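Structure first, then comments.
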Amino acid sequence: MRIGGALFGVLACGSLAFQPLPARAQEHTFLDGPSGPTIEDYLKQAGPDVKLVPQGSLKIDGRSVNCGKRPTVLNSNFDSWGGAFPGFLILNTKKISGLSTAVKLYVYSHECGHQFEGPDETKADLFAIRRGVKWGWLDAVGMEDICNFISTLKGDAVHPPGSERCETMRNYYKTLIESGTSQSASAPPAQPASKQKAQTLAPQ
């Protein structure tokens, strides 16, 4: 998600020549294949300060989280709150540290949503809301926390304006609660784009 990936926002150079700085790794387009960098390549480019957390080992404010078998890279130099390449997620521990638990889980789940829903930011947002309801970490207060967070973000060619994203997610949350059911929080992975960029939560 770029959350706007940022949770939630950021997203030239050729794949053989790129030498991105650790903080800007997600802004580069990887042209050497349809799936973006491998996690090994990303870790080499991001530098020694990042940490790889195996799938099943990550906790956010004491709550265990997972995105299938995908690991998470903790990168405090990442330009957004979170990001995603096919096969792994990225969290900026510095940027998310002051957020409420619900917003942190939204950021993580938004980036996870890109693994299943592809690059579409709205689909990744709705995946996060659906997962929050299904897994029991999202209530009305948390929904408002997410809206307060996302509403301040500007839109771009990829991300709708934050206020619009808030209303879309709020309406979807209301529909899920009123129906008493939620759809499955997973789906078959989308086909990656030929020029894969890291999905981030939001534009910078």
Side-chain angles (χ1 to χ4, degrees), residues 1-61 63-97 104-121 123-125 127-128 131 158 185-202 204:
M1 101 197 251
R2 296 186 335 148
I3 246 163
L7 241 130
F8 340 170
V10 183
L11 262 179
C13 52
S15 59
L16 299 179
F18 82 93
Q19 294 182 352
L21 296 173
R24 299 177 64 80
Q26 76 276 20
E27 296 191 21
H28 292 264
T29 301
F30 294 83
L31 304 176
D32 52 339
S35 298
T38 65
I39 191 166
E40 292 81 10
D41 288 340
Y42 180 82
L43 292 173
K44 290 177 183 177
Q45 292 293 329
D49 295 332
V50 301
K51 179 181 179 181
L52 177 63
V53 182
Q55 65 90 11
S57 299
L58 183 65
K59 289 187 177 182
I60 295 178
D61 291 349
R63 180 184 286 268
S64 295
V65 295
N66 71 77
C67 186
K69 296 182 179 180
R70 298 161 186 82
T72 302
V73 177
L74 304 182
N75 182 358
S76 62
N77 291 318
F78 193 67
D79 282 347
S80 187
W81 294 267
F85 278 116
F88 65 97
L89 286 67
I90 306 164
L91 285 181
N92 184 327
T93 51
K94 185 184 298 182
K95 287 182 76 75
I96 71 170
S97 64
K104 291 176 184 176
L105 291 168
Y106 156 70
V107 171
Y108 177 86
S109 299
H110 174 103
E111 303 307 338
C112 181
H114 282 301
Q115 305 291 334
F116 295 100
E117 304 287 359
D120 188 283
E121 296 298 328
K123 288 183 178 179
D125 278 344
F127 176 97
R131 172 171 278 202
V158 176
S186 63
Q191 291 297 317
S194 59
K195 295 183 179 179
Q196 184 68 45
K197 298 179 181 178
Q199 301 298 321
T200 59
L201 185 65
Q204 295 296 298

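Bear in mind that the values here come from a model prediction, so they are computed numbers and not experimental data. No hydrogens, no waters, no symmetry mates; every other heavy atom, side chains included, goes into these values.
- Nearest heavy-atom pair, G68 versus Q55, reported as atom, atom and distance to 0.1 Å: O-OE1, 3.4 Å.
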Dump the intermediate steps for side chain to side chain contact (heavy atoms under 4.5 Å, CB included) on F78 and L91, then the final yes or no. CA-CA 8 Å; F78 193 67; L91 285 181; over 6 Å; no
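- In this structure, I90 CD1 and I39 CD1 are separated by 8.5 Å, a value rounded to the nearest 0.5 Å.
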V65 and T72: side chain to side chain contact (heavy atoms under 4.5 Å, CB included), yes or no, with the steps? CA-CA 10 Å; V65 295; T72 302; over 6 Å; no
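- Interatomic distance, CG of L52 versus CG of N75, reported as 12.0 Å (0.5 Å rounding).
- Atoms CD and CG, on E117 and D125 in that order, are 11.0 Å from each other to the nearest 0.5 Å.
- Side-chain contact between T38 and F85: absent, with no pair of heavy atoms (C-beta onward) separated by less than 4.5 Å.
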Criterion side chain to side chain contact (heavy atoms under 4.5 Å, CB included) on H114 and E121, from CA distance to verdict: CA-CA 8 Å; H114 282 301; E121 296 298 328; 3.3 Å; yes
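- For the side chain to side chain contact (heavy atoms under 4.5 Å, CB included) test, residues two or more places apart in sequence or in another chain that qualify with K94 are S76, N92.
- Using cut-offs of 30° and 60° for the angle between ring planes, the F127 and F116 rings count as parallel.
- The shortest non-hydrogen separation linking P37 to F88 is O-CE2, 3.7 Å.
- Between D79 and K95 the shortest heavy-atom distance is O-CE, 4.0 Å.
- Contacts of D61 classified as side chain to side chain contact (heavy atoms under 4.5 Å, CB included), with partners at least two apart in sequence or in another chain: T101, K104.
- Across all their heavy atoms, C67 and Q115 have their closest contact at SG-CG, 3.9 Å.
- Scanning both residues, I96 and W81, for their nearest heavy atoms gives CG2-O, 3.6 Å.
- Across all their heavy atoms, R131 and S109 have their closest contact at CD-OG, 3.6 Å.
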